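Below is one structure, written out as structure tokens, with a few remarks after it.
The chains referred to below are lettered A, B, ... by the order of the sequence lines, with proteins before strands, and numbering in each begins at 1. A quick note: this is a predicted structure, and the numbers were derived from the prediction, not measured.
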Protein chains: 2
Amino acid sequence: MEKKPDFKELTRRERQIMEIVYRLGRAMATDVMEHMSGRPANATVRTLLSVLEEKGYLTHATEKGKYIYSPTVPLTSARRSALDNVLETFFSGAEAAAAISILKKADAKLTEAERKLILEIIEESRKRGR
Amino acid sequence: MEKKPDFKELTRRERQIMEIVYRLGRAMATDVMEHMSGRPANATVRTLLSVLEEKGYLTHATEKGKYIYSPTVPLTSARRSALDNVLETFFSGAEAAAAISILKKADAKLTEAERKLILEIIEESRKRGR
DNA sequence: GGCGAAGTGTTAAATATTTAACATGTGCAC
DNA sequence: GTGCACATGTTAAATATTTAACACTTCGCC
């Protein structure tokens with residue numbers, strides 16, 4: 001596959017579908033259809049899934065005659081790109097605010113290992129920073 | 001203005017423009033044009049800016065005969081929505097990983113106040129969490 | 001004031017996207 | 001094997017988006 005998927009080039013519906021598939025991890029047309037605004041028909045969604053596969057964003061496995069689509073860009077990579085884009089677009093110079101905002105929501109769910117890691121980063125920041 | 005701007009409903013070019021305007025804070029057609037992929041003509045960009053204004057996403061002030069566009073959704077609100085969407089789409093169950101990732105990149109730029117705040121959140125997490 | 005660069009206003013066509021009907025296929029329960 | 005629910009395959013039209021040419025205006029400099 002030569003295409004380098006670029007989420008900025010996705011059309012409205014394509015982008016909506018990509019987000020749904022990432023959320024679900026893998027999905028059939030009916031799954032995607034149920035999550036879409038504007039209630040497009042099943043055939044509509046299938047056409048769009050097919051286009052996305054041609055463009056290299058999705059791939060499908062056939063299970064019992066059914067098409068199960070999944071993203072071609074691995075989650076770790078997609079996470080990186082998506083997060084970078086949001087930071088660059090909305091949080092330029094305020095990246096820490098984004099992190100803090102997330103931590104405030106996630107604090108009850110932090111593991112000990114995560115807390116330890118964050119403390120290490122803070123310590124490192126003290127050594128280097130201001 | 002009755003419309004509630006919903007970024008998921010933006011077309012490909014509209015979304016690209018919105019991100020550029022948020023990055024720049026405020027922008028004229030030529031500014032936006034310079035940042036766009038595919039090198040659309042000035043008249044193209046102006047049409048799209050005008051559409052976005054009609055849809056309620058942008059507003060413009062006239063300065064010396066020039067249209068300076070800015071977003072209608074305040075940055076704080078846009079930040080919230082964008083970040084939530086990325087977390088929900090790509091980081092479900094792994095929100096802490098997003099925060100950690102950001103902190104790793106931003107650690108040299110953390111202020112003392114930010115470090116203090118993060119430490120407080122970690123402490124709070126210890127009390128409540130696992 | 002004149003001029004030119006750079007801006008807006010207007011219009012509509014080219015192009016892309018979205019839509020979905022209908023024919024056909026698959027798998028499973030009976 | 002049969003029937004049915006639910007899936008895919010195919011085709012093309014409706015709709016939306018993107019594109020930009022050209023006329024006109026604004027502003028700053030000389």
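When the P atom of D:dT26 is taken as reference, atom CG of B:Asn42 falls 17 Å away, rounded to whole Å. Summarising the geometry, the separation between CD1 on A:Ile68 and P on D:dC6 is reported as 15 Å, rounded to the nearest angstrom. At whole-Å resolution of the value, NE2 in A:His60 and P in C:dT26 are 13 Å apart. C:dG7 atom P lies 8 Å from atom CE of B:Met33, rounded to whole Å. Atom CD of A:Glu53 is separated from atom C1' of D:dG9 by 14 Å (rounded to the nearest Å). As a whole-Å value, the separation of B:Asp31 CG from C:dT8 P is 10 Å. The CG-C1' distance, from A:Leu49 to D:dG9, rounds to 14 Å in whole Å.
A salt bridge does not link B:Glu114 with B:Lys109: every distance from a Lys NZ or Arg NE/NH1/NH2 to an Asp or Glu carboxylate oxygen is 4.0 Å or more. Salt bridge status for B:Arg23 with B:Asp31: absent, with no side-chain N to carboxylate O gap under 4.0 Å. Taking 4.0 Å as the cut-off between side-chain N and carboxylate O, B:Arg79 and B:Asp84 do not count as a salt-bridged pair. In summary, A:Glu123 and A:Lys127 do not engage in a salt bridge, as defined by a charged side-chain N under 4.0 Å from a carboxylate O. Checked for salt-bridge contact, A:Glu112 and A:Arg115 meet the test: a charged N lies under 4.0 Å from a carboxylate O.
Contact of A:Arg46 with D:dG9 (side chain to base): a donor-acceptor pair of N or O atoms is detected under 3.5 Å.
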Between N or O atoms, less than 3.5 Å apart, protein on one side and nucleotides 27-30 of chain D on the other: list the pairs.
from	atom 1	to	atom 2	distance (Å)
D:dC27	OP1	B:Gly65	N	3.1
D:dG28	OP1	B:Lys64	NZ	3.4

Show each protein N/O and nucleotides 17-19 of chain D N/O combination with a separation under 3.5 Å, one pair to a line.
from	atom 1	to	atom 2	distance (Å)
D:dT18	OP1	B:Thr11	OG1	3.4
D:dT18	OP1	B:Arg13	N	3.0
D:dT18	OP2	B:Thr11	OG1	2.7
D:dT19	OP1	B:Arg13	NH2	3.1
D:dT19	OP2	B:Arg13	NE	3.1

Evaluation steps, salt bridge (charged side-chain N to carboxylate O under 4.0 Å, His left out), between A:Lys8 and B:Glu19: CA-CA 10 Å; A:Lys8 285 187 198 284; B:Glu19 292 194 355; 3.0 Å; yes
Residue pair A:Glu124, B:Lys104: steps toward the salt bridge (charged side-chain N to carboxylate O under 4.0 Å, His left out) verdict: CA-CA 9 Å; A:Glu124 196 61 32; B:Lys104 277 184 181 173; over 6 Å; no
Verdict with supporting geometry, A:Arg12 and B:Glu9, salt bridge (charged side-chain N to carboxylate O under 4.0 Å, His left out): CA-CA 6 Å; A:Arg12 179 175 75 96; B:Glu9 296 302 323; 2.7 Å; yes
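Geometrically, B:Arg26 does not engage B:Tyr69 in a cation-pi contact defined by less than 6.0 Å to the ring centre and at most 45° from the axis.
Remark: the A:Arg13 side chain and the A:Thr44 side chain contain no N/O donor-acceptor pair separated by less than 3.5 Å.
Summarising the local packing, NE2 of B:His35 is surrounded by 12 or fewer heavy atoms from other residues, nucleotides or ligands at distances under 6.0 Å.
Taking five base pairs at each end of the helix from C:dG1-D:dC30 to C:dC30-D:dG1 and finding the rotation axis that steps the C1' atoms of four pairs onto the next four gives two axes whose angle is 30°, to the nearest 10°.
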